[in-house]
Amino acid sequence: MIRRLASGLSFARINYIKMHCSADILQARTTLKHNFSISSVHRNGEYEYQEPKSEDEVVNVIYVDKNGKEFPIRGKIGDNLMYLAHRHEIEMEGACEASLACTTCHVYVLGEHKDLLPEATEKEEDLLDLAPFLREDSRLGCQIILNKELEGLRVQLPAATRNFYIDGHKPKPH
Amino acid sequence: MRRASTLCSLAKGAPLRFLSTSSARQGPQVCVVGAGPAGFYVTQHLVKTLPDANVDIYEKLPVPFGLVRFGVAPDHPEVKNVINTFTKTAQNPRVRFVGNVSLGKDLSLQELQRLYHAVILTYGAEHDKSLGIPGEDLENILSARRFVGWYNGQPGDENLNPDLSTDTVAVLGQGNVALDVARVLLAPIDYLKSTDITAHALEALSKSQVKRVMLIGRRGPVQAAFTIKELREMLKMEGCKSVFQQDDFKGVQEFLPSVARPRKRLTELLAQAALDPKAEWLEAWKTAERSFEPIFYRSPAAFLPSSSKAGTVGAIKLAVTELHGEMSETQGVKNTGAFEDVKCGLVLRSIGYKGLPADPDIPFDSKSGVVINSKGKVKGLPGVYCGGWLGTGPVGVIVNTMGNAFELGRLIEGDIKDGTINATTARPGYMEAAKILDNKGPGRARTALARMLKRGSQ
């Protein structure tokens, strides 16, 4: 998918060509002037719209919203947890579109499934340092790819009810 | 039809004409001032939860997205992906983007209150704090915010012309903006070439003589405001070595066990870089021609003129500080009474952004630079709300602004649904606003850009 972003008026017209990948696989980022590098997997949420081809592919997950309401969802092997949530209109944002540049897909991985996930990369850990309401079981949703082992995975969306306004709280980085 | 007549009008420079006879519209009419992340996220929430609401987003610049467009460093383009989310919001038929319109200058708050059921102020903090010390008006003392605008193409900053003929730059402040400007000054030109940095900045930087960038902060390493990802980038920067003052790190390692995440990993990395650098860093630093020099416990007391270039900064007189009380992340400092001078030819001031009241009717706390509000409701002005940095103060990354904007959206949604905002009587919204604007002068970029967004060709 090719996206063009106009940045400003007569100055700085920029063209981005960006191929997205899921999880920990490479990201090819380039401008029109340079060589294209095309990744073998191309995902930006379209894959998650495909139905499982068979029951063997199905991975059931449960999203729990910040109020405790549960949303059982039928995912499949290879689904990105964040894009799957988007497909089903679960309230998980993904500002940077799974490119490890924000924390808006932050979730808590409940129960033992946490230990079945691949360890977070340094990049993900660096970002988690910035996530509000960080917990031991915090992960970025866009880095979780479903497989059969994760059948029954339960993830919870963090609370967002703290008063964000100036009340003497500690300043955050910017 | 209206668009065609609009296009002709713009071309002729005549006021816009409207074919609609009714100037009132059904459903809640909401106006957002400031088209950055706060404005777009609150709009996203309102159009999702209020099926008949119309939201008009006004923006001073001709183009939307605020700091996402003009504040993010050119080598961090993934951070800008959120523009796609915002564009989708702008393409909703109930959302209109109106650029090139300035609150206070082109439309007053009172006018907006009359035309809309709710007015949401999310125009951020576009000015920066100054130090208020002697010599601040010398040449070559610039705001880091403007330097960022210069290399990012922000209208108004293109002629900044920073003097890069000096070999030493002092960046005052230790947040991520300070790190960004240091990185742009120290990065190899080939690295910058592959980014979307503006052409004029790339050209100026290719001729830059800058070799050393000091990053000067009042407090200690434990209180540093930058974040770990940006620090890592500097430590690994090609052709650049990182030079720390080991004395600055007294007591830090002893403090480490008591530090919780998120501060812990950052402090560990800083201490490692200063006291026990990795072999691979040291190897790279051996041949580095440029240097990144964080300096802690120094507070600028005065700018001193250069002896060779009249009227230009030549050095900074720094007061030596020390922390008082128990070491903690929020510890304060006091001056020791000692001073030191450091030579430099360019100063970039990066000590924080500052908001300003765009309209005289906005109740404003000039000390903190925020609109006086209670959880987003502007004091004394029913139907007027504020969010993002304008309401919380200028700190926080996208996730914080998003959370704040959604919270504000929920508040406004509730106020409309429970009648706190009376949206039963129709309000004219943009239909009237456009007439006011047209009476002030023709030839605006606003409608053209709105069309551009709707077509999806950003």
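Hydrogens, waters and symmetry mates are skipped; everything else that's a heavy atom, side chains included, is used. Each chain gets a letter, A, B and so on, in the order its sequence line appears, and its residues count up from 1.
- The shortest non-hydrogen separation linking C102(A) to I398(B) is CB-CG2, 3.9 Å.
- With a threshold of 4.5 angstrom between heavy atoms, L127(A) does not approach chain B through any atom at all.
- Heavy-atom distances place both the backbone and the side chain of E125(A) under 4.5 Å from chain B.
- Heavy-atom contacts from other residues, nucleotides or ligands closer than 6.0 Å to NZ of K264(B) number more than 12.
- The neighbour count for R263(B) CZ, taken as heavy atoms of other residues, nucleotides or ligands under 6.0 Å away, is above 12.
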field: Evaluation steps, side-chain contact (heavy atoms from CB on, under 4.5 Å), between E93(A) and Q44(B)
entry: CA-CA 11 Å; E93(A) 286 295 316; Q44(B) 178 183 316; 2.9 Å; yes
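- With a threshold of 4.5 angstrom between heavy atoms, Y41(B) approaches chain A through side-chain atoms but not through N, CA, C or O.
- The pair K48(B)-E91(A) counts as a salt bridge, with a side-chain nitrogen and a carboxylate oxygen less than 4.0 angstrom apart.
- Residues E78(B) and C96(A) share a closest heavy-atom pair of O-CB, 3.7 Å.
- Every residue two or more places apart in sequence or in another chain that forms a side-chain contact (heavy atoms from CB on, under 4.5 Å) with H45(B) is listed here: T49(B), F406(B), R410(B), E413(B).
- Pairing each heavy atom of E122(A) with each of R265(B), the nearest pair is O-NH2, 4.0 Å.
- Within a 6.0 Å radius of NZ in K88(B), no more than 12 heavy atoms belonging to other residues, nucleotides or ligands are found.
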- request: Check the pair N84(B), E97(A) against side-chain contact (heavy atoms from CB on, under 4.5 Å), reporting the backbone distance first and the verdict last.
  value: CA-CA 9 Å; N84(B) 297 328; E97(A) 301 182 348; 3.0 Å; yes
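- Contact annotation for R232(B): only side-chain heavy atoms (C-beta onward) come within less than 4.5 Å of a heavy atom of chain A.
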message: The test is side-chain contact (heavy atoms from CB on, under 4.5 Å); show your working for R261(B) and D129(A) and say whether it passes.
response: CA-CA 7 Å; R261(B) 210 178 167 175; D129(A) 279 359; 2.6 Å; yes
task: Show your working on side-chain contact (heavy atoms from CB on, under 4.5 Å) between T227(B) and L130(A) and close with a plain yes or no.
output: CA-CA 8 Å; T227(B) 54; L130(A) 302 182; 3.4 Å; yes
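- A salt bridge does not link D126(A) to K229(B): none of the charged side-chain nitrogens sits closer than 4.0 Å to a carboxylate oxygen.
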